Amino acid sequence: MSEQAGIIGMGLMGCDIAAIFLAGGWRVAAQEPAEAAWPEKRARVRTALGQLGADPALEVGLTLHATLAEMPFAACACVVEAAPENMALKRALFAELDRLVPPEIPIGSNASGYRITEISRDCGTKARMCNLHFFLPAHLVPGVEVVKGEATEGWVVDRFFAIMEGLGRMPIRVARDEPGFLANRIQHALMREAFSCIDSGLATAEDVDRAVRYCFGFRYLAAGPILQKELAGLETQLAAASTIYPSLNTSPEPSPGLAKLVAEGRLGPKTGRGYREWPPERAAEERARYERVLAAAQPLLRDKT
């Protein structure tokens, strides 16, 4: 019989994480309190399976449960929490998981902004808990950060690393429980400068996106930033850094322009306006194009040499 994963929360991330396990031949038991939404959740899982090139019929391996008490935790090889990004909620869930999940089963949190050290602070079995951070859309972005909390034992990181690798993901070990983990620390350094370029009038949002996507970002499909600079020659990087770094934004505060948009309720497609206008049809078309390109890139990323 195939192994089973337990997933807590079947929002967009939870559904896509479920699809990853199902596509890898696992069964999935998921807790989702909104029973009226179960058909919609199953439909999203089938869509994600199709985007992964797997048979959408594998969704039959998913069982849904309304409460944590109903979950078959003893039959699970691992548990992944994918509830909304709310610290009080996550702490409450982990208190329950601490009690309900047998202690030999590792538990990961998909929290992107909260440290597992804080989420599991009051748990008696915090040593088997870590961050297991997927990136939206989880099934189409291969990378998964496995983050060691202050109390996390090494076997937990090793176990999740092996599981993710077996599912065709690209697991990334993060040795310390720092805010933002690894990828988001790098990403937010880029975003600070990107927003600053817009605020200062150096470029529009559209041109910032073009510069990243079609210039250096395009190369990231083939090589990460360190490998790319090694291939180019580290002396070139040192010379460029000496010239450019003094003029880069180093503010500890978020972009004033970004803060203004948020204060005005201009959040992007969810409110119809952000840096751009977002009528519903354009938002739907852009999301579909985004996922289509990510799906098309999957075969290229299998070349790990």
Side-chain angles (χ1 to χ4, degrees), residues 3-22 24 26-32 68 71-87 89-136 138-139 141-184:
E3 292 196 273
Q4 180 169 252
I7 295 178
I8 310 305
M10 286 291 281
L12 198 56
M13 292 294 283
C15 288
D16 292 348
I17 294 168
I20 292 169
F21 280 99
L22 292 166
W26 287 50
R27 293 171 294 117
V28 172
Q31 186 262 339
E32 172 51 58
L68 289 177
M71 286 283 288
F73 288 124
C76 293
C78 66
V79 173
V80 181
E81 172 270 312
E85 197 80 353
N86 178 291
M87 178 60 88
L89 172 62
K90 289 185 183 292
R91 279 183 175 161
L93 284 172
F94 266 74
E96 287 295 294
L97 296 175
D98 186 34
R99 180 174 62 86
L100 294 171
V101 181
E104 70 276 8
I105 298 171
I107 303 174
S109 173
N110 185 49
S112 61
Y114 298 137
R115 302 164 65 236
I116 192 63
T117 300
E118 295 303 319
I119 294 171
S120 65
R121 184 179 62 195
D122 300 323
C123 295
T125 63
K126 65 184 72 174
R128 50 80 176 258
M129 299 172 179
C130 71
N131 277 102
L132 188 70
H133 182 218
F134 295 81
F135 295 80
L136 189 69
H139 63 305
V141 179
V144 184
E145 293 180 311
V146 188
V147 186
K148 187 178 186 298
E150 292 176 12
T152 308
E153 292 183 353
W155 69 267
V156 180
V157 173
D158 292 343
R159 182 83 57 83
F160 270 123
F161 191 96
I163 290 171
M164 291 296 108
E165 203 165 43
L167 292 170
R169 301 289 99 186
M170 182 59 73
I172 301 150
R173 294 179 190 268
V174 183
R176 292 194 309 277
D177 196 6
E178 299 281 357
F181 315 139
L182 175 60
N184 272 338

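Owing to the predicted nature of the structure, the values given are computational and were not obtained by experimental measurement.
Atom CZ of F94 and atom CD1 of I116 lie 4.0 Å apart (nearest 0.5 Å). Taken from CE in M71 to CD in E96, the straight-line distance is 13.0 Å, to the nearest 0.5 Å. Between R99 atom CZ and T125 atom OG1 the span is 12.0 Å, to the nearest 0.5 Å. Once rounded to the nearest 0.5 Å, the distance linking CG of L22 with CG of L167 reads 10.0 Å. To the nearest 0.5 Å, atoms OH (Y114) and OG (S120) are separated by 15.0 Å. A distance of 10.0 Å separates CD1 in I119 from CG in L93, rounded to the nearest 0.5 Å.
Without hydrogens or angle criteria, K148 side chain to V174 main chain gives no donor-acceptor distance under 3.5 Å. Distance alone, capped at 3.5 Å, places no donor-acceptor pair between the E145 side chain and the F181 backbone. With T117 contributing its side chain and E150 its backbone, the two residues share a donor-acceptor pair below 3.5 Å.
Side-chain contact check for R159 versus C78: every heavy-atom pair is 4.5 Å or farther apart.
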Would you be so kind as to tabulate the donor-acceptor pairs closer than 3.5 Å made by side chains of residues 4-21, with sequence neighbours excluded?
{"unit_1": "Q4", "atom_1": "OE1", "unit_2": "R27", "atom_2": "NH1", "d": "3.2"}
{"unit_1": "D16", "atom_1": "OD1", "unit_2": "R44", "atom_2": "NE", "d": "2.9"}
{"unit_1": "D16", "atom_1": "OD1", "unit_2": "R44", "atom_2": "NH2", "d": "3.1"}
{"unit_1": "D16", "atom_1": "OD2", "unit_2": "R44", "atom_2": "NH2", "d": "3.0"}
{"unit_1": "D16", "atom_1": "OD2", "unit_2": "H139", "atom_2": "ND1", "d": "3.3"}

Could you list the donor-acceptor pairs under 3.5 angstrom formed by side chains in residues 100-110, with sequence neighbours left out?
{"unit_1": "S109", "atom_1": "OG", "unit_2": "E81", "atom_2": "OE1", "d": "2.5"}
{"unit_1": "S109", "atom_1": "OG", "unit_2": "A111", "atom_2": "N", "d": "3.2"}
{"unit_1": "N110", "atom_1": "OD1", "unit_2": "F134", "atom_2": "N", "d": "2.7"}

Using the side chain to side chain contact (heavy atoms under 4.5 Å, CB included) rule, take L132 and V146 through it: C-alpha gap first, then chi angles, then the decisive distance, then the call. CA-CA 5 Å; L132 188 70; V146 188; 3.9 Å; yes

Where do L136 and V141 land on the side chain to side chain contact (heavy atoms under 4.5 Å, CB included) test, with the steps shown first? CA-CA 7 Å; L136 189 69; V141 179; over 6 Å; no

With side chain to side chain contact (heavy atoms under 4.5 Å, CB included) as the test, would you mind laying out the steps for E85 and S112 before giving the verdict? CA-CA 8 Å; E85 197 80 353; S112 61; 3.5 Å; yes

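Of all heavy-atom pairs between A77 and E3, the closest is CB-OE2, 3.4 Å. Residue R169 comes nearest to A138 through the heavy atom pair NH1-O, 3.2 Å, listed as atom of the first residue, atom of the second, then distance. Closest approach of M164 and P171 over heavy atoms only: CB-CB, 4.0 Å.
Taking the charged nitrogens against the carboxylate oxygens, E118 and R91 do have a contact shorter than 4.0 Å, which makes a salt bridge.
Annotation: side-chain contact (heavy atoms from CB on, under 4.5 Å) contacts of A151 (sequence neighbours excluded): K126. With sequence neighbours left out, N86 forms a side-chain contact (heavy atoms from CB on, under 4.5 Å) with A88, L89. For F135, the ring-ring contact (aromatic ring centres under 6.0 Å, His included) test picks out H133, with sequence neighbours left out.
Within the structure, the ring pair (Phe, Tyr, Trp, His ring centres under 6.0 Å) test picks out no pair touching residues 153-174 (sequence neighbours left out).
For R176, the CZ atom is loosely surrounded, since the number of other residues' heavy atoms within 6.0 Å does not exceed 12.
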